[in-house]
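These notes concern the structure reproduced below.
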Amino acid sequence: YMSVVVIVIEIWMIISLMNRWFTGDTTRPKIWYIEHFIWYTTFLLSALLMLIFALLFLRGRVTNRVPGKIIMAFFSFVALYFGMSVSYSDYSKGEQILCFVMMIIFVMGLINWRPIVSIILSASVFKLFYYMMEHAPDHPVSYATKVNYFTLWISIVMLSLSVYSQRLSEAEKDESLEYSSIRDELTGIPNMYYFRKKAIEVLSNEGIDNKLFLFIDIANFKAFNEKYGYDIGSELIISAAKLVKNQFEGDLYARYSDDHFVVLTNRDNIEERLDILAKMLEEQHSSTRLSLKVGSYAPKSAELDPSIACDHARYASSIIKKNYDLHYCEYDDNMDDDFHKRQYIVTHIDDAVNQGFIEVYYQPVVWADNHSICGVEALARWIDPTYGFLSPAEFIPALEEYRLIHKLDQKVLEIVCLDINNGIKNKSKIVPVSVNFSRLDFELFNVKESIENLTSKYNVPSDMLHIEITESALTANDEKLMNTVQLIKNLGIELWLDDFGSGYSSLNVLKDYTFDVMKIDMVFLQRINENEKSRAILNSIVTMASLINMETLTEGVETNEQADFLKEIGCKRLQGYLFGKPMPIRDLRSAYKCF
Ligand code: C2E
Ligand code: MG
Ligand code: MG
């Protein structure tokens, strides 16, 4: 901008100079015109040079700043000298010194990125000009002029200082904005935005040789969080982030989400390095059993999208999630089919819900006494146009891992309410339906409100709906869940404990929650014929449940012997292939004359 201003002014000066010369102005000697012409063109050229450099620099054609600085110094020198000489000649004729002042302000504006330089420069230029003025013929410098002169210098110094500090604070603001856009808020280490951007650079600069993407998951974090609360959970994440940072210093790392981190590193000694990381984490939190589940993925092309690489590594880590002994797993090509199916599931759950690919199958539950139907369990099925029939074992873990399970469960609940409503309208026989809820549902949506809305929308009597929560998902002392569960019970809806005996916390959980029915996991039934102990254990579970006022239901009944034994020990309800597999509602209608 400065150079454009100077170029315009100088062209104008040259034109008016020429004009005066050619119109035969004889008040000045010829040499005066030549001298001024040289000055104007020098100033014009220095401004042109600066403009050209500035444009090239802004377009990225030149990256070296040194020539720019030289040009700027040259321009400043010419400007100051120009201002001084014009003003000095004016002053000696008794006129103003505006040109000098203008040039000083101009140059200070240009170089105020270094206040010391501009203060020293302006002070010496002022001093020099003052000295020249003192020696101007016939124009002694008065005291008033001296004072004016000094205050002018002070003001210019203040002006350039204030412009400098303004620029500085703007730059700091920009920097802190930039900082927060690439940092994770909680831990201060880079976020995924930064990771993706840098990973693309790393792969294209260094290639894919020996490179590994890691996905690090703190295995028992959810239990830790539930046990110690949110704040201590956050502290754990912060300390884990520090450890990742120290262990992978010099590599690219970031917080992925929750208790997950990603790293782009090289393969050398990777398992040893991860062992050290896991040990340090364990040492810091020795009171809890924390372990790491790390998945890795070796990129196959430098153009690979880092997000996809992280998804692959995440998949590898999810495979070992339930395996206590394994802490590290590298993605291999055999996992491709399952990986793609899982990615498909998490990216298509909305379509599945909206386009009717989710169906509800019903499995009968019978009285142990006479094997007549006393209820049904609603079990989700995904019948997909691409993959065909998908079983819950495939889509439920994926939806839980990506915190999308509520989309499915809300849909299932709605279908169940609609089916009950249709049954009532058709005056068919209705039996209670139990619906499975994931522990995560209670975090992801307002379960109580949703049940309340749907049951009132479809006129579902509260005793026709039961809620099943699987035992492995429950932890003792979870106040929030305990309260929600109580609110649901207050609606008149029974609460069933699913898969009792499959988790770790079985007995502890019983004292904190009030369940109406305990569903005993099918693992207990598997060997009752050969194993005396299995029978004794089942017997005691049923007795214990009745002591704490819970009814029992045993799942997975496949033979008459199992059914007889269960009836004998006092189990009230049975469910299993012996009585019926999960089936579409039309089959339930024809087989059981209900709904
Ligand atoms: P679950 O709630 O314990 O359901 C019982 C599972 O055992 C069902 O598997 C059922 O088909 C199977 N089963 C029933 N009787 C027998 C038998 O006699 N022998 C054998 N071997 N298996 C039997 P399914 O339908 O594959 O469901 C698996 C799990 O997926 C369910 O276990 C439940 O935890 C979950 N699930 C199913 N539908 C939903 C849903 O809508 N929401 C949520 N959150 N979870 C669901
Ligand atoms: Mg169930
Ligand atoms: Mg079950």
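No hydrogens, no waters, no symmetry mates; every other heavy atom, side chains included, goes into these values. Remember, it's 1-based here, ligands and their atoms both numbered in the order they're listed.
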Task: Contact partition for I396 relative to ligand 1, non-hydrogen atoms under 4.0 Å - done: side chain

Open item on the list: Could you check whether E532 pairs with R535 (Lys NZ or Arg NE/NH1/NH2 to Asp/Glu carboxylate O, under 4.0 Å)?
Closed with: yes

TODO: Answer yes when E359 and K411 have at least one side-chain N-carboxylate O distance shorter than 4.0 Å, and no when they do not.
DONE: no

Task: ligand 1-proximal atoms of D498, by part, heavy-atom distance under 4.0 Å - done: side chain

- [ ] Would you mind checking which non-hydrogen protein atom is closest to atom 11 (O) of ligand 1, with the distance to 0.1 Å?
- [x] P582 CG, 3.3 Å

Open item on the list: Closer than 4.0 Å and a protein heavy atom, does any atom meet both conditions relative to atom 9 (O) of ligand 1?
Closed with: no

- [ ] For G556, take its heavy atoms, then give the atoms of ligand 1 lying under 4.0 Å from any of them.
- [x] 16 (C), 17 (C), 18 (O)

Open item on the list: Using only atom types and a distance under 3.5 Å, with no angle test, would you say the side chain of H312 pairs donor to acceptor with the backbone of Y297?
Closed with: no

Open item on the list: By the definition salt bridge (Lys or Arg N to Asp or Glu O under 4.0 Å), identify the one residue from K519, K572, R573 that meets it with E551.
Closed with: R573

Quick one: side chains of residues 562-571, donor-acceptor pairs under 3.5 Å with protein atoms, not counting sequence neighbours, listed by atom name and distance.
from : atom 1 : to   : atom 2 : distance (Å)
Q562 : OE1    : E558 : N      : 2.7
Q562 : OE1    : T559 : N      : 3.2

- [ ] Answer yes or no: is there a side-chain heavy-atom contact under 4.5 Å between F515 and V485?
- [x] no

Open item on the list: Starting from atom 5 (C) of ligand 1, what is the nearest protein heavy atom, named by residue and atom, and what distance separates them?
Closed with: E555 OE1, 3.6 Å

- [ ] For atom 4 (O) of ligand 1, state which one of L408, I405, L379 supplies the nearest heavy atom.
- [x] L379

Task: Any side-chain donor near an acceptor of the partner, S428 and N426, under 3.5 Å - done: no

Task: Nearest non-hydrogen protein atom, atom 7 (O) of ligand 1 - done: M522 CE, 3.2 Å

- [ ] Give every protein N, O or S atom lying under 2.8 Å from the Mg ion (ligand 3), naming each by residue and atom.
- [x] D498 OD1, D499 OD1, E555 OE1, E555 OE2

Task: Residue, atom name and distance, where the atom is the protein heavy atom closest to atom 15 (N) of ligand 1 - done: Q363 NE2, 2.9 Å

TODO: Give the residue and atom name of whichever protein heavy atom lies nearest to atom 16 (C) of ligand 1, and the separation in Å to one decimal.
DONE: Y577 CE2, 3.3 Å

- [ ] Check whether more than 12 heavy atoms from other residues, nucleotides or ligands sit under 6.0 Å from atom CD of E185, and answer yes or no.
- [x] no

Open item on the list: Does atom OH (Y324) have a neighbourhood of more than 12 heavy atoms from anything else shown, all under 6.0 Å?
Closed with: no

Open item on the list: So, regarding Q575 and ligand 1 (criterion: nitrogen or oxygen to nitrogen or oxygen, under 3.5 Å), is there a contact or not?
Closed with: no

Open item on the list: Please find the pair of heavy atoms, one from T187 and one from I238, that lie closest to each other, and give the distance.
Closed with: CG2-CA, 4.1 Å

Task: Any E377 heavy atom less than 4.0 Å from ligand 1 - done: yes

Task: Short side-chain donor-acceptor distance under 3.5 Å, S181 and Y193 - done: no

TODO: Out of G576, P392, S391, indicate the one that has the non-hydrogen atom closest to atom 27 (O) of ligand 1.
DONE: P392

TODO: Mark the output for K519 as yes if a heavy-atom distance to ligand 1 is under 4.0 Å, and as no if none is.
DONE: no

Task: Option among Y402, F195, Y253, F215 that satisfies the ring-ring contact (aromatic ring centres under 6.0 Å, His included) test with H260 - done: F215

Open item on the list: Heavy-atom distances under 4.0 Å decide this one: backbone, side chain, both or neither, for A380 against ligand 1?
Closed with: both

Open item on the list: Angle between ring planes, W382 versus F395, binned at 30° and 60°: parallel, tilted or perpendicular?
Closed with: tilted

Open item on the list: Can you see whether D184 engages Y194 through a side-chain donor-acceptor pair at a distance of less than 3.5 angstrom?
Closed with: no

TODO: Give a yes or no on whether a salt bridge exists between K279 and E283, defined as a side-chain N under 4.0 angstrom from a carboxylate O.
DONE: no

Task: Proximal candidate to atom 33 (C) of ligand 1 [heavy atom criterion; set T470, N436, L440] - done: N436

TODO: Would you mind reporting whether L525 and I528 have side-chain heavy atoms less than 4.5 Å apart?
DONE: yes

Open item on the list: Looking at ligand 1, is there an atom of it that comes within less than 4.0 Å of some heavy atom belonging to A393?
Closed with: no

Task: Region of D499 that comes within reach of ligand 1 [heavy atoms, distance under 4.0 Å] - done: side chain

TODO: Taking only Lys NZ, Arg NE, NH1 and NH2, and the carboxylate oxygens of Asp or Glu, determine whether D516 and K489 approach each other closer than 4.0 Å.
DONE: yes

- [ ] Answer yes or no: does an N/O atom from D441 fall short of 3.5 Å to an N/O atom of ligand 1?
- [x] no

Open item on the list: Under 4.0 Å from a heavy atom of V412: which atoms of ligand 1 are those, numbered in the order shown and with their elements?
Closed with: 41 (O)

Task: R381 contact mode with ligand 1 (heavy-atom cut-off under 4.0 Å) - done: side chain

- [ ] Could you tell me the residue and atom name of the protein heavy atom closest to atom 20 (C) of ligand 1, and the distance to it rounded to 0.1 Å?
- [x] E558 OE2, 3.4 Å

Open item on the list: Give me the atom names and distance for the closest heavy-atom approach of D441 to I405.
Closed with: OD1-CG2, 3.6 Å

Open item on the list: Within ligand 1, which atoms have a heavy atom of V557 less than 4.0 Å away?
Closed with: 18 (O)

TODO: List the closest protein heavy-atom neighbour of atom 40 (C) of ligand 1: residue, atom name, distance to the nearest 0.1 Å.
DONE: D409 OD1, 3.5 Å

